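Here is the structure we will look at, set down as structure tokens.
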Amino acid sequence: MAKVELKNIEKVYDGNVRAVADVNVVIEDREFVVFVGPSGCGKSTTLRMIAGLEEITSGELRIDGEIVNNLAPKDRNIAMVFQNYALYPHMTVYENMAFGLRIRKIPNSEIDKRVQDAAKILSIQEYLRRKPRALSGGQRQRVAVGRAIVRNPKVFLFDEPLSNLDAKLRVQMRTEIAKLHNRLNATMIYVTHDQVEAMTMGDKIVVMKDGLIQQIGSPLLLYDHPSNRFVAGFIGSPPMNFLDGTLKEADGKLLVEGDGFSFAVADIHLEMLKRAPNREVTIGIRPEHLKIADPGQDGSILNAHITVIEELGAEAHAYLSRQADDRENLIARVEQRHGHHIGENIRLTPAMEQVRYFDAASGQALLGVIGPIRMSSRRTAAGHGE
Ligand code: ADP
């Protein structure tokens, strides 16, 4: 059982570099939590503070209720899997996995049992006598995970463990780690810059930027109700489309008007947005919510031409421009066998109920985050937001 709590955690490196500011997260027992954000946002620093590899400047770190700020890494009952595997090249796979246990003076019979069990879970039994150099990247990564499993830790920490693998292996290891989580029933904290990894693996995602938490929530909460423009643009692939406009009341209707478009705000958003008349906004439209308009439709239309079509088989992505110079790019997800072609002028209409509104200046979501930011994850009630 292991609950990890970060309260007002801050990290200031020498030279006054504030890498992490006021991080508050509760990671419930057996939860899989992913910290995600662009390079330099402070996610590795946060993980290393949990591991005890980096001193905490201020704040409280608790594991199962106990404050562990000053506990040595080896006493935290945590195992970390690194991006570069960090295997000992001169040792066999077996010895790499056994090494940490030998240092802890665990009896040989117990070590053997744990190594064999972990090897079985990871399907690496046949490589136990090999040295790391005789393994593929994916196999080495499994050994690195195996070394963590044999420790039987309360908490697993992963620092970008899949970055060195090719795209196909990454997808495979992603599902393997997710399965491992179900099988071991352990608390896992995972750091990545890859939002797809975050979305596919996390019960709960913590989005960071510039050392600050932007939002905490389940993958779909972040996708459907991003708390600000940064989260909206970071989560989702292809990314959300953004258009600048102004909220205007006309003939008893609320419109969002911008360069070459005038969209009628959906009824479900009226209540929230009427409080902000004449406000400069940025609207966010997911590619799947930008539809080809019916021929007779006249309201809420966006005219564009297709600059590129990416055929993905099951669907296609149409890259669109509203300007002759192709500067502005929008992306629409269209059905396979769509029959459209490059250079075609098309009329689009956003699914207005799905459109998100952000304050143009601050980037904060205007609809409020529907469903609390303090939210339930798929697995357990947990976490708290900004
Ligand atoms: P991420 O893992 O999100 O890429 P890091 O946690 O590694 O980000 O780094 C966060 C910030 O702290 C960055 O600006 C980085 O340059 C800075 N930083 C990281 N390690 C050190 C260090 N040892 N000394 C000074 N600054 C550091």
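Note that ligands are numbered from 1 as they come in the structure, with each ligand's atoms numbered from 1 the same way. Since we're looking at a predicted model, the values are computed, not measured.
S136 and Q139 share a donor-acceptor pair across their side chains, judged by distance under 3.5 Å alone. T57 and E10 are not linked by any side-chain donor-acceptor pair at a separation below 3.5 angstrom, with hydrogens and angles left out of the test.
Heavy atoms from other residues, nucleotides or ligands lying under 6.0 Å from CD of E60 number more than 12. Under a cut-off of 6.0 angstrom, the local environment of CG in D75 is crowded, with over 12 non-hydrogen atoms contributed by other residues, nucleotides or ligands.
Note that atom 16 (O) of ligand 1 has no protein non-hydrogen atoms nearby, at separations under 4.0 angstrom. Shown here, atom 10 (C) of ligand 1 is in close reach of the protein: a heavy atom of it lies under 4.0 Å off.
Of all atoms in ligand 1, listed by their number and element, those nearer than 4.0 Å to a heavy atom of C41 are 1 (P), 3 (O), 8 (O). Listed by atom number, the atoms of ligand 1 under 4.0 Å from P38 heavy atoms are 3 (O).
Among protein heavy atoms, the minimum distance from atom 2 (O) of ligand 1 is reached at S44 OG, 2.7 Å. Among all non-hydrogen protein atoms, the one lying nearest atom 18 (N) of ligand 1 is Y13 CE1, 3.3 Å. Regarding atom 12 (O) of ligand 1, its nearest protein heavy-atom neighbour is A19 CB, 3.2 Å. Closest to atom 5 (P) of ligand 1, if we only count protein heavy atoms, is T45 OG1, 3.5 Å. What sits closest to atom 13 (C) of ligand 1 on the protein, heavy atoms only, is G40 O, 3.8 Å.
Using cut-offs of 30° and 60° on the angle between ring planes, the pair F99 and Y88 is perpendicular.
Judged as a side-chain hydrogen bond (donor to acceptor under 3.5 Å, both in side chains), and not counting sequence neighbours, R170 has no contacts.
For G37, the closest heavy-atom approach to ligand 1 does not fall below 4.0 Å. Within the 4.0 Å heavy-atom cutoff, G15 does not count among the residues contacting ligand 1.
For R48 and E54, the salt-bridge test passes: some basic side-chain N is under 4.0 Å from an acidic carboxylate O.
The salt bridge (charged side-chain N to carboxylate O under 4.0 Å, His left out) pairs that include a residue from residues 286-298 are E288-R333, where partners are two or more places apart or lie in different chains.
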